[in-house]
Amino acid sequence: MASSGSGYDLSSSTFSPDGRIFQVEYATKAVENAGPVLGIKCSNGVVLGCAKPINHKMVVATTGSYKRIHTCDTHIGCASTGFLPDARVLVQRLVEESADWQEQYGSKIPPGVLGERLGTYAHYFTLHGALRPFGAAAVIAGYDPDTKECSLQLLEPNGAPYMYYGVATGKGKQAAKTELEKLNLHKAPILAEDAVKQILRILYLLHAEQKDAKPIEIELSWICEASGWTHQGVPKDLLKTSQEWAKEQLEQEEEEGNGRRLN
Amino acid sequence: MSSNQRTTRPITTGTSVVGLVYDGGVLLAADTLLSYGSMAKSFNTPRLYSIEDRILVGASGEYSDLQEIIAKVKALALEESTTSSMESIYVERKLPAKSLWNYLRAVMYQKRSKQNPYWNDVVVAGYDEQTSKPFLGTIDKLGTTLQENLVATGFGAYLAMPLLREKWRPDLNEGEARALLEDCMKVLFYRDCRASARIQLAKCTSEGCIVSEPYDLDHSSGWNAPSMVRATGDLDGDRGS
């Protein structure tokens with residue numbers, strides 16, 4: 001990296017002359033190298049998905065020791081990527097902030113407020129020379145019981161918690177963003193059931209495009225009417241049929257692609 | 001008043017909670033009257049709570065303390081479900097009633113050991129999924145725990161307990177259990193000056209928990225009861241019917 005050795009990247013408390021904070025950019029790099037996370041805000045809910053690379057054959061990937069989607073409150077879910085121990089700290093913070101709000105105000109924390117609070121927290125770690133930024137990103141799915149609205153936010157290592165219609169981060173995020181944009185989510189939101197399919201399709205697509213990719217394990221969760229507006233794992237039968245659909249879809253696309261190349 | 005001085009008297013109180021184990025579940029009953037000293041303050045205030053539709057908590061005594069206990073319990077249940085979802089998004093580890101009961105024992109004992117007790121006698125009911133057995137237990141304001149088939153707090157410990165002991169069988173069905181508890185609540189309404197005839201029942205079975213809406217006991221025969229006309233001075237009296 002061009003910045004290496006210039007001395008401006010030793011601490012996140014130092015700007016480079018052209019106004020960059022290299023430590024924060026490096027933290028962002030840590031996110032870009034970890035398994036992808038996708039989120040889609042739907043007309044009837046919000047869906048999160050991630051692909052966990054299985055880096056070791058003997059790791060028990062289906063249990064919580066290697067878990068990327070967490071329930072932070074009944075109405076809040078978080079899919080994280082990047083440096084996972086950092087991500088767990090963010091998740092823990094979400095759990096605490098939600099519980100604090102409940103304790104103080106006797107209601108569920110509005111997801112927007114929660115995102116802002118996590119943003120403030122993460123941002124603090126980009127201000128001090130003695131701290132390092134979080135090498136993790138959190139995609140937060142939330143439901144506001146007051147407004148009956150779902151929301152999707154991405155918190156990046158720099159501490160910015162933006163709202164999204166559809167969002168991707170982690171490895172292959174550019175390709176995933178392109179795919180999400182094709183879905184036109186900002187103009188015509190899709191149903192949660194379809195978002196499950198699309199997320200799976202995109203995750204498999206990213207995996208297929210990756211060279212010498214490790215096997216992956218998929219995690220998918222949602223907040224919608226079917227889950228009682230609480231954050232739950234997508235039911236396994238729906239997951240299975242959607243996985244089949246996604247794989248079929250990719251095969252078709254590949255055939256069409258090959259055909260075009262032949263012509 | 002020194003900083004060490006504690007409140008040693010409850011102000012806004014609820015009276016008895018009565019509960020029993022029947023064949024296949026637990027049933028609790030409590031009236032919905034809040035008293036302010038000897039005066040009636042509120043007539044429609046529930047004192048039986050369903051935690052995540054799986055555990056029932058009810059209490060007599062200082063109502064603000066009860067609200068604090070319930071807030072604590074709900075926070076604990078939420079913490080359990082958020083941290084247990086660390087295991088897998090599909091595995092929900094639910095707090096068993098017995099664990100909650102034990103947690104409250106620790107809370108109550110710690111508070112009383114600081115000379116600052118929660119002024120409540122608490123009843124915890126649930127259904128143990130591992131043993132497929134109903135659970136019913138109490139914790140008093142000193143932190144004493146009892147696990148029993150029959151519980152009654154407050155005045156109910158004196159007035160309802162003898163009735164429950166006489167009439168209770170382990171094979172009581174739900175209807176019989178309900179009739180027995182309503183009998184107890186009626187007796188309490190007649191004899192306990194801090195009780196009302198507006199009550200709630202709550203049930204916990206393998207299916208989960210339900211707390212009924214408050215409803216009024218039929219007490220139209222009221223003061224015509226033989227023992228009110230001519231007191232028998234005997235437990236074999238009219239049971240308030």
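Just so we're on the same page: letters track the sequence lines, and every chain starts at 1. Only heavy atoms go into these numbers, but all of them, side chains included; no hydrogens, no water, no symmetry mates. As the structure is a prediction and not an experimental result, all values here were calculated from the model.
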Cationic tip of B:Lys111 above B:Tyr118 ring, under 6.0 Å, 45° of axis | yes
Counting only heavy atoms closer than 4.5 Å, note whether A:Leu239 contacts chain B via side chain, backbone, both or neither.
-> side chain
What part of A:Ile76 lies closer than 4.5 angstrom to a heavy atom of chain B: side chain, backbone, both or neither?
-> neither
Among side-chain atoms of A:Thr230 and A:Gln232, is any donor-acceptor pair under 3.5 angstrom?
-> yes
With B:Leu76 via side chain to side chain contact (heavy atoms under 4.5 Å, CB included) - residues at least two apart | B:Leu95, B:Leu100, B:Tyr103
Please flag which part of A:Ser98 lies under 4.5 Å from any non-hydrogen atom of chain B: side chain, backbone, both or neither.
-> neither
Partner residues of A:Glu32 under the salt bridge (charged side-chain N to carboxylate O under 4.0 Å, His left out) criterion, sequence neighbours left out = A:Lys29, A:Lys173
Chain B contact via A:Glu96 - side chain, backbone, both or neither, heavy atoms under 4.5 Å = neither
